[in-house]
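Proteins come first, then strands; the chains are lettered A, B, ... in the order of their sequence lines, and each starts at number 1.
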Amino acid sequence: MNEQTHMLDIDNLHAKVEDKDILKGLSLSLRPGEVHAIMGPNGSGKSTLAHVLAGREGYTVTQGGVKFRGQDLLAMEPEERAAAGVFLGFQYPVEIPGVTNLYFLKAALNAQRKSRGEKELDAADFLAYVKQRVKQMQMDPKMLHRGVNEGFSGGEKKRNEILQMLVLQPSMMILDETDSGLDIDALKVVADGINAMRGPTTATLLVTHYQRLLDHVQPDRVHVLADGRIVKSGGPELARELEEKGYAWLQPQKAA
Amino acid sequence: MAATEQTTAPSPTSEVRDLVTRRVAQAYSAGFITDVESETIPIGLSEDVVRLISLRKNEPQWLLDWRLKAYRRWLKMDEPKWAHVNYEPIDYQSISYFSAPKSMKDRPKSLDEVDPKLLETYKKLGIPLREQEMLAGVVPQVAVDVVFDSVSVGTTFRKKLAEAGVIFCSISEAVHDHPEIVKKYLGSVVPFGDNYFAALNSAVFSDGSFVFIPKGVRCPMELSTYFRINERNTGQFERTLIVAEERSHVSYLEGCTAPQRDENQLHAAVVELVALDDAEIKYSTVQNWYPGDENGKGGIYNFVTKRGDCRGPRSKISWTQVETGSAITWKYPSCILRGDDSVGEFYSVALTHHRQQADTGTKMIHVGRNTRSTIVSKGIAAGHGQQSYRGLVRVLPSAHGARNHTQCDSLLIGDQCGAHTFPYTEIRNPTAILEHEATTSKIGDDQLFYCRSRGISEEDAVSMIVNGFCKQVFKELPMEFAVEAQKLLAVSLEGAVG
Ligand SMILES: Nc1ncnc2c1ncn2[C@@H]1O[C@H](COP(=O)(O)OP(=O)(O)OP(=O)(O)O)[C@@H](O)[C@H]1O
Ligand SMILES: [Mg+2]
C-alpha cells in the first residue's frame with residue numbers, strides 16, 4: 001500500500017497498560033475523506049487505541065507502528081500530534097476548574113498555530129471566530145466563561161468536545177463515544193458538527209456502541225474490535241447487523 | 001475549639017512526578033547582587049546596636065526609648081515553635097541589623113540624586129523608577145517607594161500625592177516630618193511586645209513605608225513599595241504604617257526580592273494598618289524573596305506580623321497576598337474588626353516548592369456588631385514543599401451578628417509535598433454565623449494529558465491549571481499586579497514544578 005494515500009495507517013499495533021496486553025496486533029488504515037466506525041464490546045481496547053493514537057503516557061507500544069500522513073506518529077509528543085492535526089474527543093472529558101473555556105480554546109488554538117509557524121489570533125478575532133462555532137453547536141455563549149467542563153452535564157461535556165474540534169479544525173479526528181450520553185437533539189447537533197468537518201482532506205475514526213449516530217454520520221467502513229484486534233470489517237450494513245446480533249457470533253474463541 | 005485537618009499527597013502519578021523531577025534547577029531571576037558600596041554595621045545585637053541604629057537615623061528620644069523597651073522585652077521572649085515549619089535555630093548574633101548603600105548617607109532629595117546603580121537594580125527587577133515618573137500619564141500611575149536593605153532610596157510621585165493631601169514616604173522621614181502622627185499610631189496595632197519577631201522588629205526596624213490618607217480623600221493612584229535585600233548577612237526589618245482617616249480610601253502594594261545566596265537571611269517585618277470610620281485599605285503583597293535552591297540551601301526566612309485595625313464603623317481592610325518566595329514563610333495578616341459593620345478580608349495564594357515551607361493564614365477578630373470577614377486561602381505545594389493554612393476566627397461577646405466565610409483549598413503537585421489545614425474558631429456570641437469549606441486536589445495526569453492533546457505544552461498546562469485554581473485571589477489584585485502575579489507563579493512553577 002502506498003503510504004501517501006493514507007491519512008492514518010495503523011500496522012500490527014500491540015500495546016499494553018501496566019503489564020496488561022490490550023492491543024494485540026491491530027491494523028487499520030484510513031484514507032483522506034473517509035469516516036470509519038469502530039465498534040466492539042466493553043473492554044475490548046477502543047479507548048486504549050484512542051489514547052495510544054493521542055500519545056497518552058502509560059501506554060506502551062510493544063510492537064507495530066502508526067503512520068500519520070506518512071510520519072511516525074508514535075515518535076511525536078501529544079502536543080505535536082495535536083498541532084499536526086490529530087484530535088481526540090474524550091470518552092470522559094476532563095474538568096479544569098477556574099480556567100475558562102474561552103481561555104482554554106484560545107491557548108490551545110494559539111499553541112497549535114505557533115507550533116505550525118502561523119500567526120497567533122488576537123483576542124477580538126478569536127472571539128468572533130469562537131462565537132460562530134458556539135452558535136453552530138447551539139450552545140449558550142455563557143459557557144465560554146465557565147471553567148472547562150466544570151460542572152457540565154455528561155451531554156454538555158460531549159458537545160464541548162465537538163466545539164473544541166470545530167475551533168481547532170484538525171484533520172484526523174478520533175471521537176471516542178462522543179454520542180454516549182447525548183439526548184436526541186444533541187445527537188443531531190453533534191452529528192452535524194462531525195459532518196461539517198468531513199471533507200477530502202480530513203478523516204474520522206468514530207468509536208461508538210450505537211447505530212443511531214451512524215444514521216446521521218454515514219461511515220465508509222465499520223470495524224469490530226474485540227480482544228485487541230479487528231475481528232471483522234465491512235460496510236455500513238455491518239453496524240446494523242451488529243445491532244441485531246450483538247458481538248458473540250464474531251468471537252467464537254470467547255464464546256466457547 | 002480547635003479543629004485540625006491534615007492532608008498529605010495522594011499516591012504518585014507518573015507524569016506529574018516526572019514533571020517535577022525533570023527540570024529541577026531554574027535560575028531565580030531576581031537573584032543577582034548589586035555591587036554598591038554599603039555601610040553595614042558589625043554583626044550582633046545588643047542595646048548598643050539598637051542605640052546605634054537610632055543614632056544613625058537621627059531619631060528623637062521617644063523612639064529610642066520605645067526601641068529599647070522592645071529590645072528588653074524581646075530578650076525575655078522565646079522564639080515561637082508552634083508553626084508547622086522546620087529550620088535550624090537562628091543565630092541572632094550573626095546578623096547585621098543595619099545596612100545602607102553608602103551613597104545614601106546623605107539622603108537624596110530627589111531621584112536625580114539616587115545612585116544610578118540602585119536605579120539600575122530596580123530597572124532589572126522591572127521597577128523603572130525614573131521612567132515611571134517620566135511616563136506618568138501614559139502608563140497606569142503607581143507611586144513607588146523603594147527600600148534597599150535598610151533604607152528607603154526614593155519615593156516617586158510625591159508632588160502629585162501631596163496635592164491630594166496624601167503623605168507617602170519612608171517611615172524614617174515620617175518620624176522627622178510627621179512625628180505627631182507616627183507617635184500616635186506606631187505600635188497601636190502591633191504593640192512592641194506582641195510576639196517574638198514583632199518585638200525584634202520594634203527594636204531594630206530600619207525603614208519601611210509610611211502612608212497617611214486624610215479625611216475624605218481617595219488616594220489618586222496605587223501606592224507601592226518594593227523591598228530588596230542586597231547585602232550578605234543582613235536582616236531586613238521593615239516597618240510599615242498606613243493610616244486611613246475617615247471616609248478615605250487607599251490601595252497599597254508591596255513587592256519583595258532578594259539575591260540568591262547560600263546562607264539564610266532573616267526578614268522580620270511589621271505592618272500596621274489603621275482604618276477609621278468608613279475608610280478602606282486594600283493591602284496587596286507579591287512576595288518573591290529568594291526561596292533557596294532545590295535542596296533547601298539558602299533563602300529568606302520571612303517571619304512577618306501584619307495586622308489591620310478596623311477602628312471605625314463601616315471600615316474595611318482587605319489583605320491580598322501572593323507568596324511564592326522565601327525558604328520559610330510565617331505570616332498571618334489579620335484584622336481586628338472593632339468598628340460596627342466593619343469588614344475584613346483575606347485572600348491568599350501561597351506556593352511552596354522544593355524545600356520551601358509556608359505556615360500562613362489569618363486571624364479575624366470580631367469585636368463590633370455585624371462585623372463580617374471573608375477568608376479565601378489557596379495553597380499550592382510542589383516538590384518537597386510544605387504548606388499549612390492556619391486561621392483563627394474569634395467572635396467576642398460584643399460581636400452580635402458576626403459572620404465569617406472561610407474557604408481553604410490546597411493543590412498538590414507530585415507526591416512528596418504536603419498540605420495541612422489548621423482552622424481554629426473561638427465563638428463567644430451565639431448569633432455568629434460561620435461557614436468553612438476546604439478542599440484538597442491535585443493536578444492529575446488526566447488534566448495534563450487533556451491539555452496536551454489540545455496542543456498545550458505540559459509546562460503551560462501546569463501554569464494554566466494553577467492559575468485557574470488561584471483565580472479567586474488574583475481577581476482581588478490591582479490589574480497590573482494580577483498579571484505580574486500570574487507570570488511570577490508561572491516562573492516559580494517552572495523552576496519549582498513544570
Ligand atoms: N490503567 C489500566 N490498568 C489496567 N488495565 C487497564 C488500564 N486501563 C485500561 N485497562 C483495561 O484495558 C481494557 C481495555 O480498556 P478500554 O478502555 O480500551 O476499553 P473500551 O473498548 O474503550 O471499553 P468501553 O466500551 O467500555 O469504553 C479493559 O479491560 C480495561 O480494564
Ligand atoms: Mg472506551
Around A:Phe152, counting heavy atoms of other residues, nucleotides and ligands shown, do more than 12 lie under 6.0 Å from its CZ? yes
For the CE atom of B:Met464 and the CZ atom of A:Phe104, what is their distance to the nearest 0.5 Å? 5.0 Å
Going by heavy atoms in the side chains, are B:Arg454 and A:Leu168 under 4.5 Å from each other? yes
Give, as side chain, backbone, both or neither, the part of B:Tyr450 having an atom under 4.5 angstrom from any heavy atom of chain A. both
Would you please name every residue forming a side chain to side chain contact (heavy atoms under 4.5 Å, CB included) with A:Ser44, sequence neighbours left out? A:Pro41, A:Lys46, A:Leu225
Check whether B:Cys470 gets within reach of chain A through its side chain, its backbone, both or neither, counting any heavy atom under 4.5 Å. neither
Hey, what's the ring geometry for B:Phe449 with A:His51, parallel, tilted or perpendicular (30° and 60° as the breaks)? perpendicular
dist A:Glu95:CD -> B:Ser441:OG (nearest 0.5 Å) comes out at 11.5 Å
Applying a strict 4.5 Å limit to non-hydrogen atoms, the region of A:Pro93 in contact with chain B is both
Using modelled atom types only, decide if a donor and an acceptor are shared between the side chain of A:Arg81 and the backbone of B:Gly455 within a distance under 3.5 Å. no
Locate the shortest heavy-atom distance separating A:Val94 from B:Gln447; write the atom from each residue and the value. CG1-CG, 3.5 Å
Holding to ring-ring contact (aromatic ring centres under 6.0 Å, His included), I want the full list of residues that pass it with A:His223, two or more places apart in sequence or in another chain. A:His36
In Å, rounded to the nearest 0.5 Å, how long is the span from CG of B:Asp446 to OH of A:Tyr92? 13.0 Å
Is any side-chain heavy atom of B:Ile465 closer than 4.5 Å to a side-chain heavy atom of A:Ile96? yes
